[in-house]
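Everything below concerns the one structure shown next.
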Number of protein chains: 2
Amino acid sequence: MIGGMEIYQLRTFVTVAQQGHLTQAAELLHLSQPAVTAQIKALEEEFGMPLFERYPGGVQLTEAGKLLLPDAENILALGRNLLHKAKSLQGEPRGKVRIGTIGVAARLKIGPWLALLRQRHPLITVETTHGVSVSVLNEVRKKTIDAGFYLGRNPYQNVNTLPLSEVGFCVALPPQMAVELANADWKVLGKAPWLGVSQFSSLADITQELWRSQNIAPLKVGEFDEEATLLELIKAGVGVAVLAERTARRYAADGSIVLWRGGELATRAPLQFIYSAERENDPVIGMLKASLRQVWDLP
Amino acid sequence: MIGGMEIYQLRTFVTVAQQGHLTQAAELLHLSQPAVTAQIKALEEEFGMPLFERYPGGVQLTEAGKLLLPDAENILALGRNLLHKAKSLQGEPRGKVRIGTIGVAARLKIGPWLALLRQRHPLITVETTHGVSVSVLNEVRKKTIDAGFYLGRNPYQNVNTLPLSEVGFCVALPPQMAVELANADWKVLGKAPWLGVSQFSSLADITQELWRSQNIAPLKVGEFDEEATLLELIKAGVGVAVLAERTARRYAADGSIVLWRGGELATRAPLQFIYSAERENDPVIGMLKASLRQVWDLP
DNA sequence: TTCTCCGCATCAGAATTTGCAATTAGCCTT
DNA sequence: AAGGCTAATTGCAAATTCTGATGCGGAGAA
């Protein structure tokens, strides 16, 4: 006997209100007229007041009915909205995606990317693991992550890539060495003390390849894995090192370090998005790539 | 099989979401656990996607569930709101009230009054009939209207009154007669030509009584029932007449008419709210009086 | 007036839905 | 391996909702 107000009753209420006839409302709702009568009656009992005045020839809203009708309509609208939202979510890809990140998050445009991803694919959840290029590569190969970022060239055959941008690298000198090295050639530069880079840092491969290509094998002063640490050691005059162009120029501006040949690029490396080659046609990977292309303004 | 989404299902959805357990939700809802399972299942089928992930030890919202939950909560909130509004309307007096109005609507403060009435008693509908004091009195006595406004004193024994304000009346003179009559006494004034007032106008009784009390019986020039007509005739120099103070002063300001003795009140009459004495204790009448008192700033 | 039509209310029975108790199944902890 | 926790399933009982038939009352037409 004690049954709460339900949506189907509100729908009947609204339909009767706009038709002015129980019979016509019943037809519209694919119901029998007694069913409509009963639903209206139930609502009137629930509300403790009549919603319609019965006239021969139809019904008409009471003042109370007029006041309550808009609320009922709102509920119905919200209900339709909810169902519509559910329907639009039906086709959406869903699942958890693990992404390996490296270096400075801002350089990966990871904020805008995830925002766009969330907006376009609300059912996808992203989990990030921070590391360095090598570890990201390994995890992509082992499939413990779905994709990631990589700084360097041609990582591996069974890993596909989407190049995002080129990062330039400069050689940074301590102010004390500026006079003798600022415009030196590679041969001279090779004789100076260099700050070694841990193999776990993105810079390791870059530096290694640079040395090999210039055919030098400098003296290594320790091994470090943080760009910030390198920076401090350069400032302190311990040795020279390779830095990302953006970082280098920022600190060169106030004179705390000096750039070799005024900041001429020593080498470049592509920043790439990498994923297992087997998943080239995976819709989730396609989704990730599409939104990355948009964020990075790629074709 | 094809059953629409219903409020009780949404309530279960929300409860399960905030409890994290079907069992606990069932307890809160005074339902059995299978019932909750079935309702969630029905919703998931309706939405075409799972709302919860089942874990040993409880359930957790899926991403889709998280997105749809706020909408469900909104619907429930609106539903509660609707029921609450209905409950607050339950005790409200309802019905149609017929009110007789007279003269200028603004002078009765009818706008503010009906606005207040509508705000405080939303189920009351008001119907107004415009007329003159005498007809309003008759209709109140015949009970074809529930109450009305009356300009004058002590209308009738079986009619109760609520005095609202005093309206003052001036004698208005044509500019041509100003020199000889502006400060004349009643005796001289009684010799001037007066504009007669139709017995259906509020001014009729007022004028009649004024003449009687001053013991004069002037020459009547026609009989008119609109204040606006009187005004034109005064301007045209046809005769003198009694006008409501506010009207008189407004037109005296630009010199188109002149006020006897600078606007000294010739007489006053109460503006009253009248209703059948038998309904003194009728709650509807009490309601009307209460809101009138508030609008007119009466005790 | 009398008749007919139209629309709502009522009722009994049928169909559907909802709910419950008992049980099963899966996972975790001990 | 056993016990405890939670959700899913199943069969059956209860409640509800729906329908078709019927009754009632007012409005309009003959």
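Naming convention: chains lettered A, B, ... in sequence-line order (proteins, then strands); numbering from 1 in each chain.
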Quiz item: Can you tell me if the side-chain N/O atoms of K41(A) get under 4.0 Å from OP1 or OP2 in dC8(C)?
Solution: no

Practice problem: Take the protein atom CD1 of I7(B) and the nucleotide atom C1' of dT18(C), then report the distance between them rounded to whole Å. | Solution: 17 Å

Quiz prompt | Side-chain ion pair, K289(B) and E280(B), N-O less than 4.0 Å | solution = yes

N/O to N/O distances under 3.5 Å, protein versus nucleotides 19-22 of chain D:
unit_1	atom_1	unit_2	atom_2	d
dT19(D)	OP2	S32(A)	N	2.5
dT19(D)	OP2	S32(A)	OG	2.7

Exercise. Measure the distance from OH on Y55(A) to C1' on dC8(C) and round it to the nearest whole Å.
Key: 14 Å

Quiz item: Tell me: CD of Q24(B) to P of dC5(D), nearest whole Å?
Solution: 12 Å

Quiz item: In whole angstroms, how far is the P atom of dC20(C) from the CG atom of L22(B)?
Solution: 14 Å

Self-check item: Distance in angstrom units between Q39(B) CD and dC20(C) C1', rounded
Solution: 13 Å

Quiz item: With distance as the sole criterion, is a donor-acceptor pair present between the side chains of Q33(B) and T37(B) under 3.5 Å?
Solution: yes

Quiz item: Per the end-axis method with five pairs at each terminus, what is the bend angle of the helix from dT1(C)-dA30(D) to dT30(C)-dA1(D), to 10°?
Solution: 20°

Quiz item: For dA9(C), does OP1 or OP2 lie under 4.0 Å from any side-chain N or O of T37(A)?
Solution: yes

Quiz item: Roughly how many Å is it from CD in E53(A) to P in dA9(C), rounded to a whole number?
Solution: 13 Å

Quiz prompt | Rounded distance [0.5 Å steps], CD in E46(A) versus CD in E44(A) | solution = 12.0 Å

Quiz item: Does OP1 or OP2 of dA7(D) have a side-chain N or O of T23(B) closer than 4.0 Å?
Solution: yes

Quiz item: Distance from D146(B) atom CG to D282(B) atom CG, nearest 0.5 Å?
Solution: 8.0 Å

Quiz prompt | Separation between CG of D71(A) and CG of N81(B), rounded to the nearest 0.5 Å | solution = 6.0 Å

Exercise. Rounded to the nearest 0.5 Å, what's the gap from OG on S133(B) to CD1 on I274(B)? Could you check?
Key: 7.5 Å

Quiz item: Run the side-chain contact (heavy atoms from CB on, under 4.5 Å) check on F13(B) and L61(B) step by step: do they pass?
Solution: CA-CA 10 Å; F13(B) 172 33; L61(B) 280 171; 3.9 Å; yes

Exercise. Please list, chain by chain and in numerical order, all residues satisfying side-chain hydrogen bond (donor to acceptor under 3.5 Å, both in side chains) with W296(A), sequence neighbours excluded.
Key: none

Self-check item: Side-chain N,O (R54(A)) to OP1/OP2 (dA9(C)) below 4.0 Å
Solution: yes

Self-check item: Nucleotide dG7(C), atom C1' - distance to CD of E27(A) in whole Å
Solution: 13 Å

Quiz item: Would R98(A) and E139(A) pass as an ion pair if we require N to O under 4.0 Å?
Solution: no

Quiz item: Taking OP1 and OP2 of dT18(C), is either one under 4.0 Å from a side-chain nitrogen or oxygen of Y8(B)?
Solution: yes

